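For reference, the structure is listed below as structure tokens.
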Amino acid sequence: MQNKLKDNKQIAVLCFLADLGISVWSYEKIKNYDEYLKLVKPMIDSPDFQVQIYAVLLQSFLFSMLIFLAFHIVIYFLFVRKSKYAIKYVRFYTLMAALSAGIMIFSGVLVAIVPLIIYTLSFISVGKLMKAAQTFNVKKK
């Protein structure tokens with residue numbers, strides 16, 4: 001199963017889908033107004049102020065997620081084009097994302113199992129691609 005991801009395009013698409021999935025799941029969790037009220041009611045008495053803070057929270061989160069996804073579209077595009085820095089970024093990012101997904105699973109968020117698999121396989125595959133590229137460059141010299 002470790003050798004399944006051999007193509008940069010496949011890695012980029014799967015990682016982006018995992019990013020998108022986690023982003024959509026996070027947005028669905030954060031837009032639950034009843035859960036928000038349970039947390040905020042003891043601290044803020046004014047219902048108008050609660051609604052205003054909720055609106056700012058949702059807008060800020062949505063804006064941040066859109067910037068995150070747009071940035072990753074650019075990174076994955078450069079990764080497919082085999083940019084050295086994009087490859088290094090994807091290697092580091094997949095490691096951190098896999099660790100984060102693992103923490104989410106241990107926290108009881110079982111939805112993170114699929115992203116964990118995708119990020120882990122991507123991390124391994126990018127490492128193999130980097131190693132193969134280094135071997136090719138050494139033989140070329």
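None of the values given here were measured: they were computed from a predicted structure. Just so you know, residue 1 is the first one in the sequence shown, and it goes up from there.
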Are [Y] and [X] linked, directly or through intermediate hydrophobic residues, by side-chain heavy-atom contacts shorter than 4.5 Å (ILVMFWY only)?
X      : Y      : answer
Phe77  : Ile75  : no
Phe106 : Leu110 : no
Val24  : Phe68  : yes
Leu58  : Val51  : yes

Distance check, rounded to the nearest 0.5 Å: [X] atom [atom1] versus [Y] atom [atom2]?
X      : Y      : atom1 : atom2 : value
Gln10  : Cys15  : CD    : SG    : 10.5 Å
Leu129 : Asn8   : CG    : CG    : 5.5 Å
Ile118 : Leu17  : CD1   : CG    : 7.0 Å
Ile73  : Leu78  : CD1   : CG    : 12.0 Å
Ile117 : Ser122 : CD1   : OG    : 11.5 Å

Could you pull out all residues at least two apart from [X] that satisfy ring pair (Phe, Tyr, Trp, His ring centres under 6.0 Å)?
X     : value
Phe79 : none
Phe49 : none
Tyr54 : Tyr33, Tyr36

I'd like to check [X] versus [Y] (side-chain heavy atoms, cut-off strictly below 4.5 Å). Are they in contact?
X     : Y      : value
Leu14 : Tyr119 : no
Thr94 : Ile11  : no
Ile53 : Val40  : no

Would you please name every residue forming a side-chain contact (heavy atoms from CB on, under 4.5 Å) with Leu62, sequence neighbours left out? Tyr27, Leu66
Quick one: side chain to side chain donor-acceptor pair (under 3.5 Å) partners of Glu35, sequence neighbours excluded? Lys38
Cluster membership besides Ile67, Ile/Leu/Val/Met/Phe/Trp/Tyr side chains within less than 4.5 angstrom, sorted by chain and number, is Phe63
Considering only Ile, Leu, Val, Met, Phe, Trp and Tyr, and joining two whenever side-chain heavy atoms are under 4.5 Å apart, list the other residues clustered with Val111. Ile22, Trp25, Met104, Val109
Indicate the atoms forming the closest heavy-atom contact of Gly102 with Leu116, along with that distance. N-CD1, 4.0 Å
Show me, pair by pair, the donor-acceptor contacts under 3.5 angstrom made by side chains of residues 80-93, not counting sequence neighbours?
residue: Tyr89; atom: OH; partner: His72; partner atom: NE2; Å: 2.8
residue: Arg91; atom: NH1; partner: Phe123; partner atom: O; Å: 2.5
residue: Tyr93; atom: OH; partner: Asp19; partner atom: OD1; Å: 2.6

Write out all pairs satisfying side chain to side chain donor-acceptor pair (under 3.5 Å) with one or both partners inside residues 39-52, taking only residues at least two apart or from two chains. none
